[in-house]
Amino acid sequence: MKRKKLVEILLAAAVLLVMGCSQKEENKGQLNTEQNQENIDSEQTESELTDADPDTEAEAISETDQMDNLKRKGSNDISFHTYSWQEITVSIPDSWKGKYQVEEGEYGFSLIQTASFEKEKGMGFLCGFYRIDGTMVDIPGATPLAYTDTRTYYMGEPTDVSFYYEDEAISMEYHEMHDLVYAIAASISIVKEDVRYNPDEFIFPLSSTVLLTEDDLLNCSDNELAIARNEIYARHGRRFQDFYLSNYFASCSWYEGTVSPEAFDDAVLNQVEKDNILVIKKAEETYKKEHPYPKAYQAGNKVEEDLDGDGKPEQLQYILEESDVDGDFYGAISINGQKFPLENYPDVWLDNPKPSFYVTDISPFFAGLEIAILDNGPSDDPVTYFFTYQGELTYIGSVGGYPFKQEAGYNGFASEGVVIGEIVLDFTHTCRAYGNWWYDVQEQKLEYQDLGYYNNKPDVSHQLYEDLTVYLKMDEGSMTTMIPSQEEVFFMGTDGKEWIFIKGKDGSKGYVHIVDGKIAGLSKTPDEVFSGMGFSG
């Protein structure tokens, strides 16, 4: 069975880390045969480890079929041989020959560096390819690669040091080998009816066929829960009025929005889907009870909140007035009858304020709450100002955009101690991306974290005018694939300097390199290749 153009590799993890939808608790254990018995049969002995023999491997899938969309630029061409285990086949670089071993088990197989393993049994784990019945959730070091109606296929990588680092030559060899793990993942083929290679486009790829449990949802943020619930409807073509959800699903290769929300009939859902919607809704209700903030209030209303964390609520009011003379806005925060005019804070500007405010709880390490004031800015450039109260009102900083689900479709407070806001990027075109602001409790201020890579906020698509060669990594030395010309491609992320990650509606994806304002390999500017490359202001 011939594989699709390109499997989804190593990208979902990067999106969630930057976007901050959920920062799941990370286990430090190494994903290997000794620590994950559900992934691999750990009863095998060292004598069962054998060098892979390419002459006795792939049966159902040819090497040409597997690698037809993967190629190496320049003179450093990489040749591959294939390895098959039951229905799973991958292509392994020929440069690995004589350097690796394969350990097979009940659920898949592991690729292990021989040199490290010979020094210390259990060392040398490079990666593994496994299957699991049902939906895979929270396995450290795991990247889903494919799925069927009942089964998930994934790659496992080490989450800790897994090579013999005391020998420099062995260490160097391990790193050189591990640098090509992504190429192996990109080559995976599954000989199974109705296999699909887009699991990173779902929170739960099997939620239409496999029942979810409360345990499956334990570590999901409300952002993930909302998407998980709505992706069940989206599979049946439901459109969404919410701008965030509408654009989010539009970028998914499987989604075709054909049914208006008013015309959608729940009768098209099967019983598994209906039951999963109920269990997700229950998890959302639990999440809200456990995370009561942020809370939205209307300007002018008097409310009670324990702002300073002393166990006694303060009476809080946001006063907002517009001058009849010049149209300027006057704002003040009143706490227990004491007014704190916002004009006294030099970094706070009310140009076009919203007639509402929020009370938030950014960090569990700060004994108190925050007051958030929203302003749309002079040119539709929204900003949120944050204040704390400990006898005096203290301004702690601002965040780009409105990080509230009611305003922007996502909850920017899903990760403790961090606010996920928005930044404006002017690389190739003007767009909005997610940014992280860390709350330094000791210094009482919000600090912007430059993570070096930004996930774009879901936005409208661009037309791709011609076939485009893209890289599988942000490296011109990495392997490439081709995104064919099409009506809809989406800009998913960027380093803001020279790389853009794009995805076609057909599911093809990769990185575009921009050098001196032109696309590498084409000598054309982005606006010659994509539509909608305008700059604002």
>> Check this for me, if you would: do K445 and E447 make a salt bridge, where the nitrogen-to-carboxylate-oxygen distance has to be below 4.0 angstrom?
In response: yes
> How about F491 and F530: are their ring centres within less than 6.0 Å of each other?
Replying inline: yes
>> Give me the atom names and distance for the closest heavy-atom approach of D375 to Y385.
In response: CB-CE1, 4.1 Å
> From R196 CZ over to S253 OG, what is the distance, rounded to the nearest 0.5 angstrom?
Replying inline: 11.0 Å
> Counting only heavy atoms not in K518, do more than 12 sit closer than 6.0 Å to its NZ atom?
Replying inline: no
>> Quick check on ring pair (Phe, Tyr, Trp, His ring centres under 6.0 Å): which of Y511, Y182, W499 does Y471 satisfy it with?
In response: W499
> How many angstroms lie between CG in L278 and CG in L212, if you round to the nearest 0.5 Å?
Replying inline: 11.5 Å
>> Could you tell me if the side chain of V399 sits less than 4.5 Å from the side chain of Y448, heavy atoms only?
In response: no
>> Looking at V383, is its backbone amide N or carbonyl O close enough to the side chain of N376 to form a donor-acceptor pair, meaning the two atoms are under 3.5 Å apart?
In response: no
> Closest heavy-atom contact between P205 and P199?
Replying inline: CG-O, 3.8 Å
>> What I want to check is whether the side chains of S508 and D506 have a donor and an acceptor closer together than 3.5 Å.
In response: yes
> Passes side chain to side chain contact (heavy atoms under 4.5 Å, CB included), Q463 versus V489? Steps please.
Replying inline: CA-CA 6 Å; Q463 182 178 353; V489 296; over 6 Å; no
> What do you reckon, is CD of E262 surrounded by more than 12 foreign heavy atoms closer than 6.0 Å?
Replying inline: yes
>> Restricting to non-hydrogen atoms, name the atom on Y255 and the atom on A234 that form the minimum distance, rounded to 0.1 Å.
In response: CD1-O, 3.4 Å
> After noting the C-alpha distance and the side-chain angles of E231 and F204, does the key distance pass the side chain to side chain contact (heavy atoms under 4.5 Å, CB included) rule?
Replying inline: CA-CA 9 Å; E231 70 188 10; F204 295 106; 3.9 Å; yes
> Quick one: are T286 and L217 in side-chain contact, heavy atoms under 4.5 Å?
Replying inline: no
> So, D381 side chain and G377 main chain: donor-acceptor pair closer than 3.5 Å or not?
Replying inline: no
> Quick one: does D495's side chain have a donor or acceptor within less than 3.5 Å of a partner on E498's backbone?
Replying inline: yes
> With ring centroids as reference points, do F386 and Y395 lie under 6.0 angstrom apart?
Replying inline: no
> With no hydrogens and no angle check, is any side-chain donor or acceptor of T388 less than 3.5 Å from a backbone partner on L393?
Replying inline: no
> Which atom pair, heavy atoms only, marks the closest approach of L374 to F404?
Replying inline: CD1-CE1, 3.9 Å
> With respect to R229, which candidate in E284, E224, E273 satisfies the salt bridge (Lys or Arg N to Asp or Glu O under 4.0 Å) definition?
Replying inline: E284
>> Walk me through whether E416 and S363 qualify under side chain to side chain contact (heavy atoms under 4.5 Å, CB included).
In response: CA-CA 6 Å; E416 292 182 348; S363 175; over 6 Å; no
> Has K282 got more than 12 heavy atoms of other residues, nucleotides or ligands less than 6.0 Å from its NZ?
Replying inline: no
>> Is it the case that the side chain of N336 and the backbone of Q315 share a donor-acceptor pair, with hydrogens and angles ignored and the cut-off at 3.5 Å?
In response: yes
>> Counting only heavy atoms not in W349 (residues, nucleotides, ligands), do more than 12 fall under 6.0 Å from its CH2?
In response: no
> How long is the gap from CG on D242 to CG on N230, to the nearest 0.5 Å?
Replying inline: 8.0 Å
> So do the side chains of I373 and K354 get within less than 4.5 Å of each other, counting heavy atoms only?
Replying inline: no
> Can you find a heavy atom in the side chain of Y454 that is under 4.5 Å from one in the side chain of F427?
Replying inline: no
> Judged by modelled atom types alone, do Q241 and S246 share a side-chain donor-acceptor pair under 3.5 Å?
Replying inline: no
> Under 4.0 Å between a Lys/Arg side-chain N and an Asp/Glu carboxylate O for K503 and D200?
Replying inline: no
> In terms of side-chain heavy atoms, does Y297 have a donor or acceptor partner in E305 at a distance below 3.5 Å?
Replying inline: yes
> What heavy-atom pair brings F329 and N352 nearest, and what distance separates the two atoms?
Replying inline: CE1-CA, 4.4 Å
>> Salt bridge or not between K505 and E487? Use side-chain N to carboxylate O under 4.0 Å.
In response: no
>> Using side chain to side chain contact (heavy atoms under 4.5 Å, CB included), reason through V418 and Y439 one step at a time and then give a plain yes or no.
In response: CA-CA 6 Å; V418 175; Y439 186 19; over 6 Å; no
> Can a donor-acceptor pair be found between the side chains of T258 and R238 at a distance below 3.5 Å?
Replying inline: no
>> When you compare the side chain of Y465 with that of S531, does any pair of heavy atoms fall below 4.5 Å?
In response: yes
> Would you call L468 and M482 a side-chain contact if the rule is heavy atoms closer than 4.5 Å?
Replying inline: no
> Will you find, in the side chains of T394 and Q444, an N or O donor that is under 3.5 Å from an N or O acceptor?
Replying inline: no
> At what distance, to the nearest 0.5 angstrom, does CZ of R235 lie from OG of S208?
Replying inline: 4.5 Å
> Going through the distances and angles, do N411 and D222 end up as a side chain to side chain donor-acceptor pair (under 3.5 Å)?
Replying inline: CA-CA 7 Å; N411 175 15; D222 59 341; 3.2 Å; yes
> Any side-chain heavy atom of M474 sitting closer than 4.5 Å to one from F501?
Replying inline: no
>> Working note: K524 + E466, criterion salt bridge (Lys or Arg N to Asp or Glu O under 4.0 Å); need CA distance, chi angles, decisive distance, verdict.
In response: CA-CA 11 Å; K524 292 185 178 181; E466 59 185 272; 2.8 Å; yes
> Is the CD atom of E214 crowded by more than 12 outside heavy atoms at less than 6.0 Å?
Replying inline: no
> Do you know which of Y345, F340, F357 makes side chain to side chain contact (heavy atoms under 4.5 Å, CB included) with F387?
Replying inline: Y345
> Nearest heavy-atom pair of Y358 and A296: which atoms, and what distance?
Replying inline: CE2-CB, 3.4 Å
>> Treating N455 as the side-chain partner and G493 as the backbone partner, does any N or O pair qualify as donor plus acceptor under 3.5 Å?
In response: no
> Ignoring hydrogens and geometry, is there a side-chain-to-backbone donor-acceptor pair from Y244 to K405 under 3.5 Å?
Replying inline: no
>> Ignoring hydrogens and geometry beyond distance, is a side-chain donor-acceptor pair present between N198 and Y147 at under 3.5 Å?
In response: yes
>> Counting C-beta onward and ignoring hydrogens, is there a side-chain heavy-atom pair between V470 and K509 closer than 4.5 Å?
In response: no
> Is it true that the side chains of E488 and H462 contain a donor and an acceptor less than 3.5 Å apart?
Replying inline: no
> Does the ring center of Y434 lie less than 6.0 Å from the ring center of Y410?
Replying inline: yes
> More than 12 non-hydrogen atoms from neighbouring residues, nucleotides or ligands closer than 6.0 Å to NZ on K295, yes or no?
Replying inline: yes
>> Whether E256 and R239 form a salt bridge (side-chain N of Lys/Arg under 4.0 Å from carboxylate O of Asp/Glu) is what I want to check.
In response: no
> Around D467, counting heavy atoms of other residues, nucleotides and ligands shown, do more than 12 lie under 6.0 Å from its CG?
Replying inline: yes
>> Using the rule given for side chain to side chain donor-acceptor pair (under 3.5 Å), can you reason through D527 versus T525, listing the C-alpha separation, both sets of side-chain angles and the distance that settles it, and then say yes or no?
In response: CA-CA 6 Å; D527 63 332; T525 59; 2.4 Å; yes
> So how far is it from N456 CG to L425 CG, rounded to the nearest 0.5 Å?
Replying inline: 7.0 Å
